[in-house]
Amino acid sequence: MNALSRRDLLKASLLTAGSVGAGSLLSACGAGGDPASSSKPIRVGMLTDITGAIGFYGKAASNTAKLWIERQNAAGGLLGRQLQLVLEDSASDPSVGASKAKKMVQQNNVDVVVGGISSAMREAIKGQLIGRGGKLYFYPQLYEGGECEKYLYCTGPVPPQQVDPLIAYLAQQGGSRYYLPGADYVWPHQVNKQVAKAVAANGGTVTGEEYFPLDNTDYSKAVSDIMSNGTDVIFTTIVPPGAWNFFQQLSDRGYQKQGGKVVCVWVDETAFSAVQPQYIQGLISCLDYFKGVSDPFSEKLYKEYAAKFGSSGSLSASGTAGVWRALGLWGDAVARSKSLDRDEVAEALNTSKLDQALGGPTAMAPGENHCVMNLYVGEVQGKEMKVIETLSSVEPAQGCDL
Amino acid sequence: MAHALTIAFDILSLTSILVLLVLGMGVIVSMMGVFNLAHGELVLLGATTTWVITTAGAPAWVGILAAPLVVAVIGIFLERLVIRHFYAKPIIGLLGTWGLGIAIREAVRGILGGVSHSVAAPIAGTVTFAGASISSWRIVVVVITLATLAGCTAFLRLSRFGLQVRATLENPMLSRASGIAVSRIYTLTFGFGAALAGLAGAMLVPLFSLYADLGITFLVRSFLAVMAGGMGTFEAPIGGAIVIGASSAGVPFLISPLLADVLVFLAAITIVRFRPQGIFGGTS
């Protein structure tokens with residue numbers, strides 16, 4: 001009796017396994033086979049932090065993806081099929097991200113994945129997505145650089161893009177003595193390496209480089225050094241929440257009043273709600289998109305985004321232009337290779353480019369898996385990020401050979 | 001000269017901030033024996049109250065005055081509902097208050113939409129004194145901290161309620177026998193500690209902006225100050241806050257801030273190892 005029921009159970013589970021297997025086989029055929037004959041939508045996966053500490057940025061990223069997909073579908077989709085967004089929330093927690101990445105490839109059966117905000121999240125999900133999952137994975141954020149891996153595409157700016165042309169510009173403006181305060185993790189260290197090289201190349205000097213614990217909130221020591229060592233440019237990689245107090249302490253001590261410049265390359269328009277604007281007047285940032293970027297396509301997208309998701313201005317949150325580039329370049333590669341096969345799309349991606357994208361034209365740097373893009377030097381004027389210089393088609397210069 | 005003056009003021013200002021934070025925590029742990037790990041979130045609620053009121057268009061002063069009252073009411077409510085079940089079980093209390101803290105923090109994160117918000121100080125700008133430029137609001141924080149310290153001491157030493165609180169702390173059984181409503185005293189003491197947390201939040205938010213993790217940023221350091229200073233009296237945790245505050249503000253001027261952070265923790269652990277009752281605690 002007992003043995004019989006166990007056999008029944010076994011049979012039942014085999015049947016289920018069989019049908020599931022057949023199901024995924026069928027959909028695999030749908031994905032890989034002749035695209036024109038299939039009317040099922042192409043599934044675009046987005047795995048990002050919708051909730052938790054950095055949920056704001058994840059929402060901005062997923063909104064951007066929604067906008068891209070809506071426009072693409074209105075223009076006829078891809079390969080004659082509509083696109084469908086499959087959204088998963090990694091909740092600002094890499095361990096949640098890892099299990100959602102598994103779900104993305106095993107259950108959601110997506111054709112491509114865009115996502116991840118922090119580098120810790122990228123590390124937690126990339127193996128699952130491109131290794132076992134066999135997907136193409138796009139990481140859309142600014143980061144410290146150095147990812148050279150097949151099937152992994154980084155579409156945000158890297159230190160050579162945010163730093164080199166900016167330091168050259170600052171040197172032109174008369175900057176010569178640089179102080180580099182940063183939070184103690186990988187991104188500030190890598191950025192400062194790049195800054196030190198660029199400063200030396202432009203004939204300037206570094207007056208100090210100091211790191212603080214990530215959760216540090218008081219910067220008396222840094223401000224005191226800056227005020228006594230003749231610094232005229234502060235290139236800060238201190239991150240929020242401590243950064244808001246750092247700007248305030250600097251301003252209270254009268255650094256900006258003396259004509260000192262503050263440079264911080266993660267600051268975008270979202271800073272205006274987080275800190276009183278008087279503390280960041282004249283601050284200089286360098287990013288791949290600001291609301292003030294004047295190319296007509298970006299302006300049009302801003303209006304459409306605001307109409308769809310409210311005018312909170314989250315489109316200018318860091319990472320949205322990277323999401324747009326990721327989807328745009330992938331779409332271009334799929335259209336040209338007329339396939340969803342990973343290797344065929346990857347082949348086409350190497351030469352993908354977009355004449356119009358959020359933040360200006362872009363192209364994949366061949367063999368680099370990083371993007372050539374425009375960078376914009378923005379300056380805080382009142383409650384606005386004014387674009388004061390456009391740096392066109394800056395190379396990622398990662399030295400990958402893929 | 002001006003340079004030394006600004007450094008001295010920075011240390012004073014940071015020490016006052018920690019004293020302000022530890023005040024409420026110290027009252028609760030010393031008077032009631034409960035290590036309230038949700039204390040940081042009470043500070044957060046004070047900051048949030050200030051932000052909500054100033055965003056609604058009221059002057060910043062109104063927000064700062066309202067914060068302690070609002071948080072006191074929330075504190076009394078929490079004591080009745082949750083905290084009182086932990087008095088007999090301190091370990092469960094640690095876990096329970098930590099859980100309570102998470103619940104409050106995530107609720108606030110929802111309200112804030114996951115981004116930081118700034119609150120303008122009622123008095124902005126700087127004061128120049130002997131060539132040193134000093135933030136006006138930081139001066140106000142120092143003054144308010146001193147005033148609160150004096151007010152609390154007077155309240156606990158001189159008022160009838162203060163006497164009842166101290167009596168309940170010394171010997172709850174005898175106090176109850178003498179006709180003191182011990183359970184009511186506990187509720188009010190917790191409310192008082194919560195009000196102090198609310199005030200701290202309101203005073204700090206113009207300096208650090210409002211974000212959901214504001215409370216835990218300072219929790220570990222406050223906890224350390226209470227441990228190092230000692231429990232059981234009103235003064236001991238304050239003494240601890242002065243020692244920890246001054247050293248964590250001053251040491252970075254001598255060695256790398258990264259090393260300073262670790263060193264202050266090491267020193268505190270060493271103190272607790274060799275003097276478990278704390279620097280200023282009596283024999284326990």
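Lettering follows sequence order; numbering is per chain, from 1. The model shown is predicted, which means the values in this text are computed figures rather than measured ones.
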Discussion item. For B/R138 and A/Q248: C-alpha separation, side-chain torsions, deciding distance, then whether side chain to side chain contact (heavy atoms under 4.5 Å, CB included) applies.
Written reply: CA-CA 11 Å; B/R138 283 183 180 251; A/Q248 190 168 344; over 6 Å; no
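With a 4.5 angstrom heavy-atom cutoff, B/Y211 touches chain A only via side-chain atoms. B/L207 touches chain A through backbone and side chain together, each having a heavy atom under 4.5 Å away. Contacts between B/A212 and chain A at a heavy-atom distance below 4.5 Å are absent for every atom of the residue. In this structure, the portion of B/V119 lying under 4.5 Å from any heavy atom of chain A is its backbone and not its side chain. Both the backbone and the side chain of B/L258 come within contact range of chain A, judged by heavy atoms closer than 4.5 Å. Only the side chain of B/T126 comes within less than 4.5 Å of a heavy atom in chain A; its backbone stays farther off. Within the 4.5 angstrom heavy-atom criterion, atoms from both the backbone and the side chain of A/S220 approach chain B. Contacts of A/A53 with chain B are made by both backbone and side-chain atoms, with heavy-atom separations under 4.5 Å.
If you take OH on A/Y279 and OG on B/S209, they are separated by 9.5 Å, rounding to the nearest 0.5 Å. Rounding to the nearest 0.5 Å places CD of A/Q249 at 11.0 Å from OG1 of B/T6.
Environment of NZ in A/K100: crowded, with over 12 heavy atoms of neighbouring residues, nucleotides or ligands closer than 6.0 Å.
A distance-only check finds a donor-acceptor pair linking the side chain of B/S133 to the backbone of A/D252 [under 3.5 Å]. In this structure a side-chain-to-backbone donor-acceptor pair under 3.5 Å is missing from B/S256 to A/E210.
Taking 4.5 Å as the limit, some side-chain heavy atom of A/T217 sits within range of a side-chain heavy atom of B/T217.
Here A/P213 is the residue among A/G55, A/S92, A/P213 with the most heavy-atom pairs under 4.5 Å with chain B.
Salt bridge A/D215/B/R221: absent, no basic N to carboxylate O contact under 4.0 Å.
The stretch residues 237-244 of chain A places A/P241, A/W244 near chain B, each with some heavy atom under 4.5 Å from a heavy atom of that chain.
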